[in-house]
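Here is the structure we will look at, set down as structure tokens.
Just so it is clear: chains get the letters A, B, ... in the order the sequence lines come, proteins before strands, and each one is counted from 1.
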Amino acid sequence: MTEHIPTTHELETPTAIQVVDLVRDYPRPRTSLFQPAPVVHALRGVSLEIKQGERFGIVGESGCGKSTLLRLIAALDRATSGHVIVEDTDITRLPERRLRSLRENLQLVFQDPMSSLDPRMRVRDIIAEPLVVQGHPASGERVRELLEAVGLSADAGDRYPHQFSGGQRQRISIARALAPRPRILIADEPVSALDVSVRAQVLNLISDLVDELDLTLVFVSHDLSVVKHVCDRVAVMNAGQIVETGYTGDVYAAPQHPYTQRLVSAIPTLQRALSGATTADLLAKGESA
Amino acid sequence: MILRLIERTGVFLVSLAVSSILVFAFMAVLPGDPARVALGVNASDEAVAELRRQFGLDRPLPTQYFDWLGGLLHGDLGTSYVSKVAIGPQVFDRLQVTLWLVVAGMIIALAVAAPAGTVMAARHRKISGLALSAFSQVGVAVPAFLAGILLIVVFAVRLGWLPANGWTPPAQDPAMFVKQLILPALSLGLVQGAVLTRYVRSAVLDVLREDYLRTARAKGLRPFQALWRHGLRNAAVPVVTVLGLQLATLLIGAVVVERVFVIPGLGSLLLDGVSNRDLLLVQDVVMVLVLAVLLVNFLVDLLYVALDPRLRTA
Amino acid sequence: GSGTSSGSSPGGDQNLSIGLVAEPASLDFTTTDGAAIPQVLLGNVYETLVKQDDSGKIVPSLAKSWTVSPDRKTYTFDLVDNAKFTNDKQFTANDAVFSINRVKTAWTTSLKAAMDVVSQAKALSPTQLQVTLTKPSNDWLFRMTTRIGAMFSESGVSALATAPVGSGPFKFSKWNRGDSIVMVRNDSYWGAKPYFQQVTLKYFKDATALNNALLTGTINVIGTVQAPEALSQFTSNDKYQVIEGTTNGEVLLSFNNSLPLFKDVRTRQGIRMAIDHKALLDTCWAGRGKLIGSMVPPTDPWYEDLTGVAPYDLAKAKSLLQASGAAGKTLRLRLPTLPYTTSCGQVVKSQLEQAGLKVAIDQLEFPAAWLTTVFKNADYDMSIIAHVEPRDLGAVFNAKYYTRYDDPTLQGYLAAADSGDEAAQVDNMKKAARRLSEQAAGDWLFLLPNLMVADKSVKGLPTNAITENFDLSKLAR
Amino acid sequence: MALVSDVDLTVGAGERVGLIGESGSGKSLTALSILGLLPEDVRAGGSVRLDGVDHELVGADERRMSRVRGRDIAMVFQEPMTALNPTMRVGDQIAEAMLIHKTLAKPAARTAAADLLDRVQLPAETLRAYPHQLSGGQRQRVVLALALANDPALLICDEPTTALDVTVQALVLDLIVRGVVDRSSALLFITHDLAVVATVCERVLVMYGGRVVEAGPVAEVFTRPRHRYTEGLLAASDLETTSRRLTTIPGNVPPAGRFPSGCVFRTRCAHATALCEETPPWTGSETEGFACHHPAGVGND
Amino acid sequence: MKRLNPSLIAGGVIVAVIVLMALVSFVWTPYDATLVTPASRLLEPSWSHWFGTDKFGRDVLSQIMVGSRTTLFVGVVAVGVAAVIGVPLGILAAMVRRWPSEVIMRANDLLLAFPALLLAIMFGAVFGASTLTAMVAIGIASVPSFARVIRSGALQVMRTEYVLAARAAGRQPFPIALRHVLPNVTSLITVQASVSFAIAVLAEAALSFLGYGTPPPTPSWGRMLQESQEFLFTAPRLAIFPGIAIAIAVLGFNLLGDGLRDRFDPKLEDRR
Ligand SMILES: Nc1ncnc2c1ncn2[C@@H]1O[C@H](COP(=O)(O)OP(=O)(O)OP(=O)(O)O)[C@@H](O)[C@H]1O
Ligand SMILES: Nc1ncnc2c1ncn2[C@@H]1O[C@H](COP(=O)(O)OP(=O)(O)OP(=O)(O)O)[C@@H](O)[C@H]1O
Ligand SMILES: [Mg+2]
Ligand SMILES: [Mg+2]
């Protein structure tokens, strides 16, 4: 698929996450007692390899299975078949009690700034939750440190989530994810619900933290331009499959798969618009391809 | 659609079977020996034993259960231990009476609740809406039997317009039937109507906040037209649920009204059965009530499908 | 179909509608206990050989006359020759023999015991019956006026519970269960024909509903007033007549005499003296009823006013209870769920507590729960119930009954009364009644009144209700 | 409390105008007030006039407004998933739009509905479908068909594609533009996506804090922004920048009613001075101009 | 800020008054509520007896005061039983997999087929009529509505990303139920509880009317109403006072429920 030739440096970098032929079927509610329940093939055999320290993007349209893939990587859901190997451990079928190291090393940031924080908990307790659960001493010190790291004042800890704006909530989510000092940060559409100005703030924050803490980032978005800005490499998903993987610049500039081509051309950009592109142009390329 | 029907029917039948076991088991643990109650306290033990044998109460419980169930399936509800008459026709008669009452009550309740609730929701910030709300709040707070007593005092005893109590089958004297039905149906219906009004109100309020109602108005429908054409059917879905539940409660809740108005319905049959320890009768009545409730829920389920195309799995 | 016949015009001239309280569960009093069935059927559908008149005297019915042998063990009855059952069979001495024997064989209720004294019943001719007793018994002939004396047709006992066949002035017509029983005049009755063509007995569980039914003209007569307080609305209205007389229903505050506490006569007397009967009657039954002081209603020949035996005296009551050690103890007053018990129980509790007892009321569903718990198992300390059977003194106060009252002296008086002649009977019964009162075997709160309200036009309603049956044949307009 | 104030906007016949601004800046309220569909506890003041309608729209009674809605002005809402009645067939919902205004009789309305569906590239079977059987993009196209049913003089679209995928968005945007161009209707297009506005519209209005802070032709505003807010927005949405860090606007959008007096943007503006405590006057013409004391591109920048 | 709405205030005040009345009745009532005093029977309302006296000469006001204890007891027991069974059941049904959940909800529906009054009468027959048994029965009959409401609320909570985040942090199901689900359905529980309370009060009144409720002489509004029946024409006030007390109590709890519902309603909330 990708024509990029790996450098020796890349080959030497250890793998953070490896996904092998992952399949996940969801049963739909039965319509009949006599026939087998229909299934949704959310993932139809996905394979990936993400190197340590990499910023890896996943793009695809709604319902293509991005979140499902992330849930499986985070062992929040069970695969129908296939394997997920995180830092040399096959976590696919590990029981919950043996996932402790995964829970410490891999954390998530979610899309919805409204529903990703428990409205009945103080921000302090939200951020400390992973620490408490994993038996770390939940010192106020660490919470203050984390709040500061995401650019919130220390007194924010005493307040409740609804007292914050969307962007600030997303910062709280990030602080929570960073609490157990993970090595891998997974972000599922973390900026899709935010305004442009706030989006820029949050993207900057994630970028800075990934650099500072030397994290592996898996970043999911439906917006190819965002992924292009944040990530080094990208996988394009469509209908439960990965149709193209490559360096973001390459994929963006010269999409190989017809789906990717359609996707790229459909993105309206200011530059193109100002140089006279119309709505018809958004369609044209994809259709011709 | 068909599949859903089959599935619902399956659930209905299984529920019915489980209920029958529950009801039977419950009766089995009820203290008080039916034979002894029937014979009086000083009856000799032999006489009691003889009667138990006659009724088949000496057989193992599973045998008794299956016999009973078998009878039920053939429409034979057995013979009362106490009155020694067939229970089936009796229960059927009483059920008819209660059904008349409940249905009339329900119609009154709906006739009150549908317009009142809609108006309350549509004008929930206006004086008229608030006044109606307050009125329904008070209605909900009045026990049905108290409403019945008040109605009797005013319309039967003081004004003498309607009979205070009693029951005449419609076939015997339709005019009298109607006259005697009015007050009990009102006391049942007004109170239930007040309860229902609140559900209608909140269902309509919910619908009023829906986007599609705004779409309808953006098309050029006036607020009331939009509510009528697009809102009511959607509001009906939650209301139907409540209606189903209410109908269930009414069937047995009518017992109090039956008492106040001296109506020979299923409720009073049940109370008599309990106090006479006419166990088989109680068992049958409870089973019929449960059947009625399950049946109503079953129908409500189907009604949903008629109301809401989203439930029609293709 | 179910339902009642009548709404707006319960009357018509030939029709009458009577409101009653307790609906029978079955029509068969040979196997089902309770007062409701004989109230309807006895005397109206079934007749007895002899019956009681208004003053309590035993008079002829299906027997024109009878003689008693000198040893008072053999009774010979001359029967009427023109009585006919509603199944068109003639009433003969054979039916009488059949009926008497059947009590011993087929009856299952406790009352059948009254027939144990009969050693043989024989038809001397179609109109002559001879009954031989094992020992003289005054009580036996009296019992023959009650339900066990009912005469059945040999070929009419197949469906007693639903289709009674008798020789009386009325025929059972229809039963709308849960609502009413309809009786129609037996036009081929051998005696004086009743006035009303059809009498409907309507049952009301609720006292207020019963009153309302009369007020709105659904019924013509309230057979038993259960809400005496509400009577004023009828007394003040000249459309109605109110009848007040006596019954056989002694409202008894019973003690469980088998308990150590109640074995002490001071406890029993203390309780009797702690109760202000006048105040009690006034508060819980609107002052309607009669204070009797023992187990005998004024309509019995051996009645004496015994209210003076244990007069209300709070101070004395307190000291008696103190002396017996009952003071401060908690007694369970287990009440059946009936209007007068619920009402009077609260007064009894309040009054006893003023005398230093603690009383815990708990209600048992009547009949089932109360019968099993109190009546059969005697699992109670005190209870209240009206004993409505006639001449039931002996039946109530003995060691086997729920009162668990074991008193050989009393039994001696009773035996003497049963076997002696008329004068001896009266004398011994008086002694027995006084003994009960002095020993405080229970406390007789009051005698239930016979309270009826009816449309002014209804005639022939009995002042006193001393028999088991409600005689419909004398009613007229 | 004033949620939106001093908004003046003019849309010429056949013109496509964009209204942009961050969430909570009052775009939807502006649109709804034109249609007279504001939430109950919100009231509009001022004046809205439509060519061909001889009365004032603000404060007009329901009877008169309902004649205008759906016929002269139509609207496409943001949420395609909830904008359609779930218990009514799609065809009936479209036909209804024509029947209400008696533009067509019943049988004709049905064929017209099929025709409309065809124009938004949906098969005729869609007529008999219920909304839940359609995808988000399909539903939004139904809503569009419904809005175009009576050839409105003005079509208002409130973020019609935010809930859709890019490829579907492309299709819907194209259908909207074609729809209004074919009918030479005016379009008021609300979005927070600058690129979309630039692609769809000819002219743009920038809103912040319930006020229009800048207006002008798309090419003008997006290449030479004058208001500092517009400038900030453009910078923040530029993901093409080669540096890892994006330019941001400091701070957050205040909640409704908490905007500062004077220039609403001054609390987040790097150029704010004491002067900004006074409401900046509108500089320029009715269709083109800005309201800023320290506009960009003047030299001190 | 959340606004206090009129229903909430009115409901709160009524309920507070009832609770206060019940508390005061433990230490003080104008008269002994159960003392029979024949001399003062059926007195009209006056300065010494504000609400008059009943046929036993008992002070009606005192009885109403003590009766409020019964009313609260009834509600607390019924709602307590319903909540203690219904809430965990609802949460469980939301958290377990589809099949067990389906079974729980079906069993729940089945219980719905045994209406409150029916259960209460049958319980009364088995365990003896007392306020407690009646109310346990009413409570059990209210389990389904609790379980349903809580389940749908809990399902919503289970779908939120903060639950996913908690799982990702390593929280086990039980702590999630306790720390995340339960706190977030408390508003639903409160609303449902106040509504069930009102229903229980009505049910107790109906049962007392039928003779299956609170046994005498414990004052209960329902029984007062039942006892007052024979005085409907001569002393209607005996029916009016307890009748109004019942109506006001039910009104109070319903208003409280409505008020809480409005207060917790996200649709009304996010306008602010
Ligand atoms: N728990 C579930 N049960 C049944 N189906 C599911 C479940 N979760 C996801 N699916 C289905 O699996 C498919 C992929 O879902 P997923 O959430 O992974 O998509 P996505 O790419 O994250 O979409 P979005 O951009 O909307 O978040 C969808 O069709 C969805 O309906
Ligand atoms: N009914 C209402 N009552 C009070 N405030 C409201 C109401 N409706 C909207 N608002 C407030 O008015 C402000 C402007 O709202 P509006 O919906 O017009 O914003 P918008 O620009 O369309 O935002 P979005 O992009 O999120 O749709 C917001 O702060 C909103 O909270
Ligand atoms: Mg997703
Ligand atoms: Mg908006």
Side-chain angles (χ1 to χ4, degrees), chain C residues 205-212 215 225-237 275-287 312 333-339 341-354 359-366 368-370 372-373, chain E residues 31-43 53-59 62-63 66 120-134 206-220 222-236 238-239:
Chain C
K205 285 208 187 54
D206 188 73
T208 316
L210 181 52
N211 290 349
N212 289 336
L215 281 173
V225 172
Q226 288 287 72
E229 299 281 357
L231 268 186
S232 57
Q233 60 193 316
F234 299 109
T235 45
S236 59
N237 188 335
I275 291 173
D276 180 352
H277 292 84
K278 172 83 175 61
L280 179 135
L281 184 58
D282 284 348
T283 43
C284 74
W285 215 237
Y312 174 56
L333 177 56
R334 312 198 88 165
L335 301 173
T337 47
L338 293 168
T341 54
T342 309
S343 184
C344 299
Q346 302 185 58
V347 182
V348 167
K349 173 183 157 80
S350 180
Q351 293 191 346
L352 292 187
E353 289 192 333
Q354 275 163 284
V359 177
I361 292 185
D362 77 271
Q363 278 195 308
L364 298 175
E365 201 194 342
F366 188 81
W370 187 84
T372 326
T373 315
Chain E
Y31 297 85
D32 180 343
T34 56
L35 184 70
V36 175
T37 35
S40 55
R41 68 192 302 260
L42 294 174
L43 294 179
T53 59
D54 71 358
K55 70 169 174 175
F56 297 112
R58 301 180 300 203
D59 181 51
S62 306
Q63 287 192 73
V66 180
I121 290 169
M122 301 208 306
F123 267 53
V126 178
F127 305 109
S130 79
T131 321
L132 191 65
T133 46
L207 282 171
S208 291
F209 181 80
L210 292 176
Y212 286 90
T214 314
T218 313
S220 134
R223 225 197 44 258
M224 287 174 76
L225 199 58
Q226 200 260 338
E227 282 178 358
S228 72
Q229 274 217 74
E230 51 180 328
F231 299 97
L232 267 185
F233 297 95
T234 48
L238 286 177

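- Comparing T337(C), V347(C), T373(C), L364(C) by how many heavy-atom pairs each has under 4.5 Å with chain E, the most go to V347(C).
- T342(C) OG1 to R223(E) CZ: the interatomic distance, rounded to the nearest 0.5 Å, is 8.5 Å.
- Counting heavy atoms from C-beta on, the side chains of L35(E) and Q354(C) come closer than 4.5 Å.
- Nearest approach of T283(C) to R41(E), heavy atoms of both residues: O-NH2, 3.2 Å.
- Looking at D276(C), neither its backbone nor its side chain comes within 4.5 Å of chain E, counting heavy atoms on both sides.
- Side-chain contact annotation: S343(C) with K55(E), donor-acceptor N/O pair under 3.5 Å present.
- Taken from CG in D282(C) to CZ in F56(E), the straight-line distance is 12.5 Å, to the nearest 0.5 Å.
- Looking at T34(E), the atoms closer than 4.5 Å to chain C (heavy atoms on both sides) all sit in the backbone: N, CA, C or O.
- Heavy atoms closer than 4.5 Å to chain E are found in both the backbone and the side chain of P228(C).
- For a residue to count as touching a neighbouring chain, one of its non-hydrogen atoms must lie under 4.5 Å from one of that chain's; by this rule N211(C) does not touch chain E.
- Along residues 230-237 of chain C, the residues that come nearer than 4.5 angstrom to chain E, judged on non-hydrogen atoms, are A230(C), S232(C), Q233(C) in order of number.
- The backbone N or O of E229(C) sits less than 3.5 Å from a side-chain atom of E230(E), completing a donor-acceptor pair.
- With values rounded to the nearest 0.5 angstrom, F233(E) atom CZ is found 9.0 Å from T208(C) atom OG1.
- By number of non-hydrogen pairs under 4.5 angstrom with chain C, the leading residue of A235(E), A39(E), P38(E), G57(E) is P38(E).
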